[in-house]
Protein chains: 2
Amino acid sequence: MQASLEQYIRDRIGADDAQLGEVLSHFVPLKTRRNQLLVREGDVCRYCYFIIKGCVQVFVYDRNGDESTRDIVVENNWVSELYSFGNQAPARENIRVVEPGQLMAIGFDSFQKMVQTVPPFEQIYRQIVEQSYVNSVFRLNTFVAMDALERMQWIKEYQPKLLARLSSKLVASYLGISPETYSRLKARL
Amino acid sequence: MQASLEQYIRDRIGADDAQLGEVLSHFVPLKTRRNQLLVREGDVCRYCYFIIKGCVQVFVYDRNGDESTRDIVVENNWVSELYSFGNQAPARENIRVVEPGQLMAIGFDSFQKMVQTVPPFEQIYRQIVEQSYVNSVFRLNTFVAMDALERMQWIKEYQPKLLARLSSKLVASYLGISPETYSRLKARL
DNA sequence: TGAAAACCTTGACAATTGTCAATGTTCGGC
DNA sequence: GCCGAACATTGACAATTGTCAAGGTTTTCA
């Protein structure tokens, strides 16, 4: 059930079972249903989630009220609206479940306490942020430097699994193009 | 000279002069000239820079060999190719001086040592990465959800100082549009 | 300071991408 | 398993953005 979170932390914390137990005790399991909203723009994001199973979408609404997907996160990764979570300020993004699955949630106070009192957990947190940052830089460069067709080639090369498991509509949103353009360009790959 | 770096660290480290001196001793001042390349794609990025004065551009080359600007960084901020620096792996981006100025550079080994032995420095580092991540998420959303005109309105509202000090060509590159389109849309603000 | 280079703007046109509408298909919940 | 809703595709057209070329202006640096 929560084995993958345990494994994830163990791989990074070493084998200190006391600390591991302490950390794990702050997480609560959460079964998610399709389309469930985890974070709503404007609300304060109170949890940081580890995805055991399933897939979530991080998005904002554009001028027309259409969804623009900033990120897609799958199992064995963390997801939260970090700005909101870290500052307990209103969220600027929405997070929604794409595929039903299983999460582990840790609240803000617990998270703070773990970061401050369990040094390996602080390191894990730093790694999460580092990894997230490197990913977003990578993704940013696809937008700054590529057109729609190149971004499609990019996702095909670097995120083939994502491409396979998401609806075309979601992939189009992830690439920042309309579903129609996506459908047309797909024929030219 | 290096007063602003000292102030920056002091604000975050508290007033422990011994630690402060230790940290500062690992930085070397660097006077930069216009167009100087700090990091070249493919090379390993060996330093992390604090900008005392001036302005640098982080960019990649697109299919046509044109520059696409992933970020612009000004004084009182840090800049490095974090992926390359952290892993001592080949850089994926270039960093170049836009305005001549003054930097403080810290090498990889020194940086590692400081992070591991001076806890407040580790916290500073974490804050840098957090801040960088939040910024890049913010910027990512402008690309996913906005068209060229909206991005121009965005920079005018959120980065007016940047807009004022950069050439039109650089701003256009920062927004991911051609200089010609930029010139035309400017008339419609 | 003066020459060369880079920059900014504008026009004409081409290419890319978006919008709206219609149709057939797939998928999810009961 | 069925029904309704959401999704995927295609066509026609409009809007946005890019490209190439030319001109005037500004900036750089020797």
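Residue numbering restarts at 1 for every chain, and letters A, B, ... go by the order of the sequence lines. Values below: every heavy atom of this structure, side chains too, minus hydrogens, waters and symmetry copies. Fair warning: this is a prediction, and the values are worked out from it, not measured in the lab.
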Kindly indicate, with the supporting measurements, whether the criterion ring-ring contact (aromatic ring centres under 6.0 Å, His included) is fulfilled by A:Tyr47 and A:Phe108.
CA-CA 6 Å; A:Tyr47 299 92; A:Phe108 178 71; over 10 Å; no
According to a strict under-4.0 Å criterion, is A:Ser168 in side-chain N/O contact with OP1 or OP2 of D:dA8?
yes
Whether B:Thr181 contacts D:dT17 is assessed here as follows: a side-chain N or O lying under 4.0 Å from the phosphate OP1 or OP2. Is that the case?
no
Taking DNA chain C as the partner, which of residues 54-73 of chain B come within under 4.0 angstrom of it by heavy atom?
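When residues 54-73 of chain B is checked for heavy atoms under 4.0 Å from DNA chain C, there are no hits whatsoever.
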Of all the choices, [options], which nucleotide is nearest to the side chain of [X] once you look at every atom?
| X | options | answer |
| --- | --- | --- |
| B:Ser183 | C:dT9, D:dC7, C:dT17 | C:dT9 |
| B:Lys186 | C:dC8, D:dA8, D:dC29 | C:dC8 |
| A:Glu180 | C:dA21, D:dT17, D:dG18 | C:dA21 |

Where A:Leu140 and B:Arg70 come nearest, the two heavy atoms and their spacing:
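Between these two residues, the closest heavy atoms are CD2-CD, 4.0 Å.
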Do you know the tightest heavy-atom contact between A:Ser4 and A:Phe50?
OG-CE2, 3.9 Å
Partners meeting ring-ring contact (aromatic ring centres under 6.0 Å, His included) with A:Tyr125 (sequence neighbours left out)
A:Phe111
Base of C:dG11 paired with side chain of B:Arg184 (donor-acceptor, under 3.5 Å):
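Per atom types, the contact qualifies.
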Nucleotide [N], atom [atom2] - distance to [atom1] of [X] in whole Å:
| X | N | atom1 | atom2 | answer |
| --- | --- | --- | --- | --- |
| A:Ile177 | D:dT17 | CD1 | C1' | 16 Å |
| B:Leu166 | D:dT26 | CG | C1' | 17 Å |
| B:Leu185 | D:dT17 | CG | P | 6 Å |
| A:Tyr182 | D:dA8 | OH | P | 9 Å |
| B:Glu150 | C:dG18 | CD | C1' | 13 Å |
| B:Arg188 | C:dT9 | CZ | P | 15 Å |
| A:Arg165 | C:dC27 | CZ | C1' | 18 Å |
| A:Asn35 | D:dA6 | CG | C1' | 11 Å |

Considering every strand and a 4.0 Å limit on heavy-atom distances, what is the contact class for A:Ser178: base, sugar-phosphate, or nothing?
base
Within the 6.0 Å centroid threshold, strictly below: B:Tyr8 and B:Trp78
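Ring centres of B:Trp78 and B:Tyr8 closer than 6.0 Å.
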Could you check whether atom CZ of A:Arg126 has more than 12 heavy atoms from other residues, nucleotides or ligands sitting under 6.0 Å from it?
yes
The answer to which of A:Arg34 and A:Leu149 contacts DNA chain C further toward the 5' end, by nearest nucleotide, is A:Leu149
Would you verify whether the NZ or CZ of B:Arg46 falls within 45 degrees of the ring axis of B:Phe85 while also being under 6.0 Å from that six-membered ring's centre?
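Output no; distance or angle outside limits.
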